[in-house]
Amino acid sequence: MIINHVSLGVANVSLAVKFYDLVLLTLSIKRSHYIDSIAAAYGENLEFWIGCPCKDKPTQGNGTHIAFNAPSKDAVDLFYITALELGGLCEGKPGLRPEYGANYYAAFVRDLDGNKIEAVSIG
């Protein structure tokens, strides 16, 4: 692994935690750390963080997204459906993406703050 962790800025940690707890659970990823109203981390080694930005409002990078491994295509589908039910926005329905690989099955959504996240199953 070359990256220790990634972080996304969110406007409201409490709302973001409710969103990410349920969306990431569809991929068998659980919250592992919480600092009241400041930040939360997911994964056994705290690989993914959400939190209040250091200054001003959170921003979304154009072309930036975080991709989470999914255990199956069904998990990708559930990730997508759950995210939309919780107020996320579609950025790419679940399906094969042969331009990335013959078995690359993924879905893309925007979280409540506009951050782009992906679930991907390869296999």
Side-chain angles (χ1 to χ4, degrees):
M1 178 179 356
I2 64 168
I3 295 175
N4 180 275
H5 70 276
V6 293
S7 299
L8 292 178
V10 297
N12 183 312
V13 173
S14 296
L15 284 176
V17 162
K18 290 177 184 175
F19 178 86
Y20 278 102
D21 279 1
L22 294 174
V23 170
L24 294 181
L25 189 58
T26 67
L27 307 176
S28 300
I29 300 170
K30 295 180 182 176
R31 180 166 28 108
S32 49
H33 194 70
Y34 184 73
I35 303 169
D36 192 33
S37 300
I38 297 172
Y42 295 82
E44 291 179 28
N45 297 309
L46 312 177
E47 299 100 335
F48 175 69
W49 286 79
I50 55 172
C52 294
C54 295
K55 296 180 181 180
D56 303 319
K57 295 180 182 178
T59 60
Q60 306 81 37
N62 184 12
T64 302
H65 75 278
I66 308 298
F68 297 97
N69 286 320
S72 66
K73 290 180 181 179
D74 288 341
V76 171
D77 295 344
L78 188 56
F79 164 91
Y80 177 81
I81 291 165
T82 302
L84 296 186
E85 287 175 350
L86 293 169
L89 300 175
C90 173
E91 280 290 326
K93 293 180 180 182
L96 286 172
R97 304 291 194 288
E99 62 273 26
Y100 302 131
N103 297 317
Y104 196 102
Y105 187 87
F108 298 85
V109 299
R110 296 257 178 205
D111 72 7
L112 303 177
D113 291 286
N115 296 301
K116 190 173 180 181
I117 56 176
E118 172 188 4
V120 59
S121 174
I122 302 171

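Count residues from 1 along the sequence.
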First locate atom [atom1] of [X], then atom [atom2] of [Y], and finally report the distance between them rounded to the nearest 0.5 Å.
{"X": "Phe79", "Y": "Asp74", "atom1": "CZ", "atom2": "CG", "value": "15.0 Å"}
{"X": "Ile29", "Y": "Leu24", "atom1": "CD1", "atom2": "CG", "value": "5.0 Å"}
{"X": "Leu78", "Y": "Glu85", "atom1": "CG", "atom2": "CD", "value": "8.5 Å"}
{"X": "Asn69", "Y": "Leu27", "atom1": "CG", "atom2": "CG", "value": "9.0 Å"}

Exercise: identify the closest heavy-atom pair between [X] and [Y]:
{"X": "Asp111", "Y": "Leu8", "answer": "OD2-CD1, 4.5 Å"}
{"X": "Ala16", "Y": "Ile50", "answer": "CB-CD1, 3.7 Å"}
{"X": "Val109", "Y": "Ala83", "answer": "CG2-CB, 3.8 Å"}
{"X": "Asn115", "Y": "Gly9", "answer": "ND2-O, 3.2 Å"}
{"X": "Ser14", "Y": "Tyr34", "answer": "OG-OH, 4.0 Å"}
{"X": "Tyr80", "Y": "Gly92", "answer": "CE1-O, 4.0 Å"}

For [Y], is there any backbone N or O sitting under 3.5 Å from a side-chain donor or acceptor partner on [X]?
{"X": "Ser32", "Y": "Gly43", "result": "yes"}
{"X": "Arg31", "Y": "Ala41", "result": "no"}
{"X": "Asn45", "Y": "Glu47", "result": "no"}
{"X": "Thr26", "Y": "Val23", "result": "yes"}

**Prompt:** Is there a side-chain contact between Ile117 and Tyr20 (heavy atoms, below 4.5 Å)?
**Reply:** yes
**Asked** Are any non-hydrogen side-chain atoms of Val13 and Ile38 less than 4.5 angstrom apart?
**Response** no
**Ring-face cation contact, Tyr42 with Lys30, 6.0 Å cut, 45° max** = no
Cluster check [X], [Y]: I/L/V/M/F/W/Y, side chain < 4.5 angstrom:
{"X": "Val10", "Y": "Trp49", "answer": "no"}
{"X": "Ile81", "Y": "Val76", "answer": "no"}
{"X": "Ile66", "Y": "Leu22", "answer": "yes"}

**Message:** Under 6.0 Å between ring centres: does that hold for Phe48 and His5?
**Reply:** no
**Request:** Answer with yes or no whether the side chains of Asp77 and Tyr105 bring together a donor and an acceptor at under 3.5 Å.
**Result:** yes
**Message:** Does Ser121 form a side-chain contact (heavy atoms from CB on, under 4.5 Å) with Tyr104? I'd like the steps, not just the answer.
**Reply:** CA-CA 6 Å; Ser121 174; Tyr104 196 102; over 6 Å; no
**Asked** Please walk me through it: do Cys90 and Leu84 pass side-chain contact (heavy atoms from CB on, under 4.5 Å)?
**Response** CA-CA 7 Å; Cys90 173; Leu84 296 186; 4.3 Å; yes
**Item:** CA sep, side-chain torsions, deciding dist, call: Phe68, Glu118, side-chain contact (heavy atoms from CB on, under 4.5 Å)
**Value:** CA-CA 6 Å; Phe68 297 97; Glu118 172 188 4; over 6 Å; no
